[in-house]
Amino acid sequence: MMSLKTAPSNYVFRSDKGLNKKIVIEISEKKNEPGWMTDFRLKALTIFESMPMPVWGADLTGLDPNDIYYYVKPIEDQHTQWADVPEKIKTTFEKLGIPQAEQKFLAGVGAQFDSEVIYKNLKKRWSDQGVVFSDMSSAVRDNEALVKKYFSTIIPAHDNKFAALNSAVWSGGSFVYVPAGVRIDMPLQAYFRIDSSQMGQFERTLIIAEPHSFVEYVEGCSAPIYKKNSLHSAVVELVALPESHIRYTTIQNWSNNVYNLVTKRAVAYNNARVEWVDGNFGSKVTMKYPCIVLKEPGAKGSIISLAVATAGQHQDSGGKIIHCAPHTTSNIIAKSISKDGGRSSYRGLLKVIKGAYGVRSKVQCDALIFDDISRTDTYPTIDIREDRVDVGHEASISKVSDEQLFYLQSRGLSEQSARALIVNGFIDAFVSLLPMEYAVEINRLIAMEMEDSIG
Amino acid sequence: MDSPKNEYIIGENQHLNYEFFIDNKNNGTVQYYCFYLERNAVLRAEFFIMHADVELVVECVLNGNGAHADVVGVYGAHSNNIVRIKTVQHHRAAHTHSSVVMRGIVRDSAQAYYHGTICVEKEARGSDASQENKNMLMSNSARVVSEPQLEVLTNDVRCFHGSATSRCDDEQLFYCSARGMDEKKAQHLLLYAFFSGLLVSENLKEKIVELIE
């Protein structure tokens, strides 16, 4: 353990620093996992060790994966009633500005405090219909057959170094199973939070939507500030079976010392629809490229993202869409704002394989850049191997134009509110897709960001 | 080395019109062009690649305030051609303007790769940069890869890039057919329209008909 600490640590279990076979087995044993999962973890560990660090994208030199704790289990056990949630955690939510009243709107809240989901409350009528919404570890125990069928089939451990790391040490995350024909009309929610200094958070989420079902999943995350660098490396897998519809919304607001390296991928079958709605506000470095594989005819995919990079931040985000079947359609809308020396990059891939005719796809990247110490980049790749397609990519970079500002100011708005109005208009395509509470939060956040910028 | 580097320095207030035709005589070469533009220099460069296996690299470095560079490329690739085009627009001074337009037809089992970079440095305030790559795919064995990149380090800029890949629009073909044109002729007309207005050079313009047919 670390030497002198001012406050006594109240964590029940904390694995040693660094990563080895023993720790992986320890994590697996603590969770009472079946043998196949332990084997999977160990195999992933070997892959993690053999893979080099990525040399492209954001600068990861400040990151030492050996300097991270892999698993922390909070003292508090699982709760089902809000009243039972410990005061400490409630205050945290209070600080994050999450109103309790929100619960009424929500089908269930799985709040992840550190690595385990400690609070979950899925409305009874959904569970009566066979919907499963639990943390991943419970799902491995209670729904082993389902988990075993889909787990790691979308993102195998050898996908990339951080997917391998997650596969070896994952803990927490959500499991959602929506039976055929069930439409969940209120979003399922989970909050993630890094609490312990230097602790890595490696949640693993798997969502399975059976034919003709609909589910919207919202994750929001926030973390208090620590001096040491933290690592967050999640893996999210979505399976959209024929005619189903999944919308996955992320609002990422980690503190400015977190390396956020996330692998997200969805597979869409016949006429299924997948939407990634991705907002990146926090973290020191984010590398996140949600991917949709349109596997069968008629599948639709869309990625709508917003990145805000301020001082010391690099938001390297984007999207990947792979058209594997005829008559599939997709669109990507990526908005970014760079200010106060932040850097935001769009990195994307659009691929149409041979035989995927009748494909339509549109990619649009818009960047706002506020000052001359900030930076914005666009790195798209478009790879087409079929002639009967209609594919377009567009990107533009601009500042808040003086004419727009002048117009609004001549109508009596102050410069600040004019600027906020223009920025709100700029990100509207993103905000309009969010659940109402989130949209309000984002608008508030943008207004706050604009207050201290002179642009 | 069979592929020399061609470098041009365009001095203050100078104009340069440049045109270059590349065909299968140049197969297997890398055609490298680098233009350095001083204050208020103007460049217009036109490239034409006719069914050749080549790599074309065009770099524009805008060193002086008010420099202006327009680069236009027309390319056609057929049978097993592999065409690689790389462009760099490097803005290093204020109020500079650059535009790159690359359009091509890719047939049979040919492949076309485009990699374009716009880099706007901090000093390049008030700059305007654009980049466009459009491809007509005429066969489902052909392949097009397009990587238009932007790197912008200042805020007082206008940058735009676009990339589009499609084949002749069915509705437009139908419209022409309904006016009594046979399909081949209609296709030629649409392809001609695709390239129209791009080139200024009369020599190169003449080649378009050959490229289409």
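Here is how names work: the chains are called A, B, and so on, in the same order as the sequence lines, proteins then strands, and each is numbered from 1.
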Looking at [X], I want to see if its [atom1] is surrounded by more than 12 non-hydrogen atoms of other residues, nucleotides or ligands under 6.0 Å.
X	atom1	value
B:R107	CZ	yes
B:R103	CZ	yes
A:I353	CD1	yes
A:K295	NZ	no
B:E171	CD	no
A:Q409	CD	yes
B:R158	CZ	no
B:K86	NZ	no

Output the distance between atom [atom1] ([X]) and atom [atom2] ([Y]), rounded to the nearest 0.5 Å.
X	Y	atom1	atom2	value
B:D156	A:S401	CG	OG	11.0 Å
B:T117	A:D377	OG1	CG	10.5 Å
B:Y114	A:I382	OH	CD1	10.5 Å
A:Y357	B:R167	OH	CZ	11.5 Å
B:N133	A:H393	CG	NE2	10.5 Å
B:N140	A:R385	CG	CZ	12.5 Å

Fill in the blank from the handout: Looking only at A:C365, A:A395, A:S338, the option with the highest number of non-hydrogen pairs under 4.5 Å against chain B is A:A395
Handout entry: Top contributor to chain B contacts, counting heavy-atom pairs under 4.5 Å, from A:G355, A:G348, A:S345, A:G392
Key = A:G392
Given that the side chain runs from C-beta out, which part of [X] has a heavy atom under 4.5 Å from chain A: side chain, backbone, both or neither?
X	answer
B:S141	both
B:T165	both
B:D169	neither

Among [options], which has the most heavy-atom pairs under 4.5 Å with chain A?
options	result
B:C119, B:G162, B:C159	B:C159
B:A142, B:S130, B:C168, B:S146	B:S146
B:E151, B:E147, B:M136, B:M138	B:E151
B:A164, B:S163, B:A129, B:S166	B:S163
B:L137, B:D170, B:V157	B:L137

Practice task
For the pair B:N155 (side chain) and A:F370 (backbone), establish whether a donor and an acceptor sit closer than 3.5 Å, ignoring hydrogens and angles.
Solution key: yes
Problem - Donor-acceptor pair, side chain of B:K122 and main chain of A:I373, under 3.5 angstrom - result: no
Practice task
Check the pair A:T381, B:V145 against side-chain contact (heavy atoms from CB on, under 4.5 Å), reporting the backbone distance first and the verdict last.
Solution key: CA-CA 7 Å; A:T381 300; B:V145 178; 4.2 Å; yes
Practice task
Could you give me the CA-CA distance, side-chain angles and deciding distance for B:V152 and A:R375, then say whether side-chain contact (heavy atoms from CB on, under 4.5 Å) is met?
Solution key: CA-CA 6 Å; B:V152 177; A:R375 174 174 177 175; over 6 Å; no
Problem - Residue-level contacts of residues 319-330 of chain A with chain B, using a heavy-atom cutoff under 4.5 Å - result: none
Exercise for the section: Measure distances from A:S374 to the heavy atoms of chain B and classify the residue's part below 4.5 Å as side chain, backbone, both or neither. Expected result: backbone
Problem - Side-chain heavy atoms of B:L150 within contact of A:T376, under 4.5 Å - result: no
Problem - pair B:H161-A:T378: side-chain heavy atoms closer than 4.5 Å - result: yes
Problem - Shortest non-hydrogen separation from A:P380 to B:P148 and the atoms involved - result: CD-O, 2.7 Å
